[in-house]
Peer 1: 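Take this structure, written in structure tokens, and hold onto it; I'll ask about it next.
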2 protein chains.
Amino acid sequence: MAEEETGKINKFDCILASARKLIEQEGFSNFTMDKLANNAGVAKGTIYLYFKDKNDVLENVLKSGFQTMFSRMADKVEKKETPEEKIKTLIYENLLYIGENKYFFKTVFLDEMHVVFLKKTSQESYNLRRKKYAVFISEIIIKGIDEGIFKNVLDPLKTGFYLISLIKTNAIYNFRNNHAEFNEDLIKLESAEIFDIFIDGIKN
Amino acid sequence: MAEEETGKINKFDCILASARKLIEQEGFSNFTMDKLANNAGVAKGTIYLYFKDKNDVLENVLKSGFQTMFSRMADKVEKKETPEEKIKTLIYENLLYIGENKYFFKTVFLDEMHVVFLKKTSQESYNLRRKKYAVFISEIIIKGIDEGIFKNVLDPLKTGFYLISLIKTNAIYNFRNNHAEFNEDLIKLESAEIFDIFIDGIKN
DNA sequence: TATTATAATGACTTTATAGTCATAAGTCAA
DNA sequence: TTGACTTATGACTATAAAGTCATTATAATA
């Protein structure tokens with residue numbers, strides 16, 4: 001706790017923030033340790049006091065970018081009663097979070113593909129995070145199937161991935177078409193659109 | 001025409017085939033010109049007689065991988081009458097092509113993301129190809145909306161991208177879960193699954 | 001203030017790989 | 001067979017960027 005006030009932790013955060021900013025601005029392929037040192041206002045060697053290597057920097061940037069998303073979304077979703085309401089909320093919260101972290105996700109989704117630059121182990125943890133999300137959705141789907149609302153032929157996990165891909169595709173579409181202003185009204189509209197397609201697609 | 005028989009053309013194809021094989025086996029990030037030369041059984045300098053640079057090799061590998069897909073799919077789709085039948089055929093043909101070029105798409109989809117390694121101009125042509133596909137789908141959607149079958153609130157182009165992402169997600173899911181055997185029965189099942197979700201999602 | 005411990009520096013080393021080019025081998029018309 | 005032209009070679013150069021480490025600056029302690 002006290003540690004959080006030390007220079008060490010602050011410098012870690014400071015370098016991490018610089019890294020994220022750089023990556024948002026120039027993409028993963030143009031991100032170098034020299035640029036990071038320069039941008040963070042430290043010497044290159046200093047970075048290696050706080051991070052193991054470049055992969056460690058990238059992994060932390062990604063982790064921090066996705067960190068709160070899942071828990072925040074899960075909180076809201078769990079408050080809802082029906083599978084349908086849960087899915088509606090999930091889509092909305094997800095798009096909201098993407099909108100709030102517009103520049104981060106724009107790079108992660110468009111400038112693709114961070115993943116390439118990660119070591120195998122880091123890639124796996126990235127995929128695991130994705131899968132965890134799909135599993136979360138699959139549980140909602142299963143509940144809906146049990147209640148007889150959703151088609152019982154669905155593969156719940158795969159259906160979870162389908163929903164994630166719809167959300168991502170929506171975000172990419174809007175990034176590309178410069179609907180840069182992610183105001184709440186737009187997000188309501190967009191999430192309703194995805195919801196209407198997805199829910200009719202899986203309902204009995 | 002006569003040229004097609006010359007060594008020049010053959011060597012171009014031979015290098016290209018080696019490049020594709022290497023990329024399928026080891027992914028884009030491990031692909032080097034030295035390996036290519038070695039694998040194709042030519043000296044490195046020779047590659048540069050047939051390709052401008054590494055980007056040119058990658059671009060050609062990608063182009064050749066996607067080449068016939070679109071035209072073959074479009075041919076089959078155009079023979080169908082109703083928007084629903086067109087969409088059903090489109091999904092099936094797309095999955096079939098992916099199955100036939102399993103190793104290629106496995107790398108392109110999973111080992112992600114080739115795109116990073118391309119120059120801006122090549123990335124654009126990749127995105128254009130994607131968009132062309134989405135436009136093709138959007139025309140079917142528009143027809144369906146006009147006929148009153150599909151929801152008239154749909155953004156046809158975005159909906160096209162949605163369908164593409166569902167197909168891609170399905171393929172990735174099956175690659176990951178090692179349903180490596182892409183036999184026609186599996187493809188029929190998988191494409192029917194996507195169709196059922198998508199069509200119910202967009203129907204009135 | 002002197003001494004020790006910790007943090008920071010950046011010039012340097014290392015490595016990987018794209019692309020080059022002088023040289024050699026092969027082909028073919030006269 | 002020869003000489004001109006085409007094709008192929010691979011050792012070499014250039015470059016970018018990751019990661020190191022001897023040195024220096026700063027802070028903590030006695």
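Chain naming here is simple, since letters A, B, ... match the order of the sequence lines and numbering starts at 1 in each.
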Peer 1: Run the ring-centre check on B/Phe12 versus B/Phe51 and record whether the distance is less than 6.0 Å.
Peer 2: yes
Peer 1: Closest to the B/Ala43 side chain: D/dA18, D/dG10, C/dT17?
Peer 2: D/dG10
Peer 1: Could you tell me the separation between the CG atom of A/Asn38 and the P atom of C/dG10, rounded to a whole number of Å?
Peer 2: 10 Å
Peer 1: Among B/Asn39, B/Val61, B/Asp13, B/Asn38, find the residue that satisfies the side-chain contact (heavy atoms from CB on, under 4.5 Å) test when tested with B/Ser18.
Peer 2: B/Asn39
Peer 1: Would B/Phe66 and B/Phe105 count as a close aromatic pair, with their ring centres under 6.0 Å?
Peer 2: yes
Peer 1: Rounded to whole angstrom units, what separation is found between the CE atom of A/Met33 and the P atom of D/dT20?
Peer 2: 10 Å
Peer 1: Using whole Å, what does the distance between atom C1' of nucleotide C/dG19 and atom CG of B/Leu36 come to?
Peer 2: 14 Å
Peer 1: Check whether any side-chain N or O of B/Tyr50 sits under 4.0 Å from OP1 or OP2 of D/dA8, and answer yes or no.
Peer 2: yes
Peer 1: Need one value for A/Phe51: base, sugar-phosphate or nothing, where a base atom within 4.0 Å counts as base even if backbone is also close, heavy atoms only.
Peer 2: nothing
Peer 1: Given the structure, check if the side chain of B/Lys44 and the base of C/dG19 hold any donor-acceptor pair shorter than 3.5 Å.
Peer 2: yes
Peer 1: With nearest nucleotides of DNA chain C determined for B/Gly45 and A/Thr46 from heavy-atom distances, which residue corresponds to the more 5′ nucleotide?
Peer 2: A/Thr46
Peer 1: Round to a whole Å and report the spacing from CZ of A/Phe12 to P of C/dA8.
Peer 2: 14 Å
Peer 1: Rounded to whole Å, how long is the line connecting atom CG of A/Asn10 with atom C1' of C/dA7?
Peer 2: 14 Å
Peer 1: What's the NZ-C1' distance between B/Lys119 and C/dG19, to the nearest Å?
Peer 2: 11 Å
Peer 1: What is the separation between atom NZ on B/Lys11 and atom C1' on D/dT9, rounded to the nearest whole Å?
Peer 2: 11 Å
Peer 1: To the nearest angstrom, how far is B/Ile47 atom CD1 from C/dT17 atom C1'?
Peer 2: 12 Å
Peer 1: Would you mind telling me which of D/dA17, D/dT7, C/dA18 lies closest to the side-chain atoms of B/Leu49?
Peer 2: D/dT7
Peer 1: A side-chain contact here means heavy atoms from C-beta on lying under 4.5 Å apart; do B/Tyr162 and B/Ile202 qualify?
Peer 2: no
Peer 1: Checking side-chain contact (heavy atoms from CB on, under 4.5 Å) for the pair B/Glu184/B/Tyr92: CA distance, chi angles, key distance, verdict?
Peer 2: CA-CA 10 Å; B/Glu184 294 210 0; B/Tyr92 176 77; 3.4 Å; yes
Peer 1: So which nucleotide from C/dT17, D/dG10, D/dA17 ends up closest to the side chain of A/Asp34?
Peer 2: D/dA17
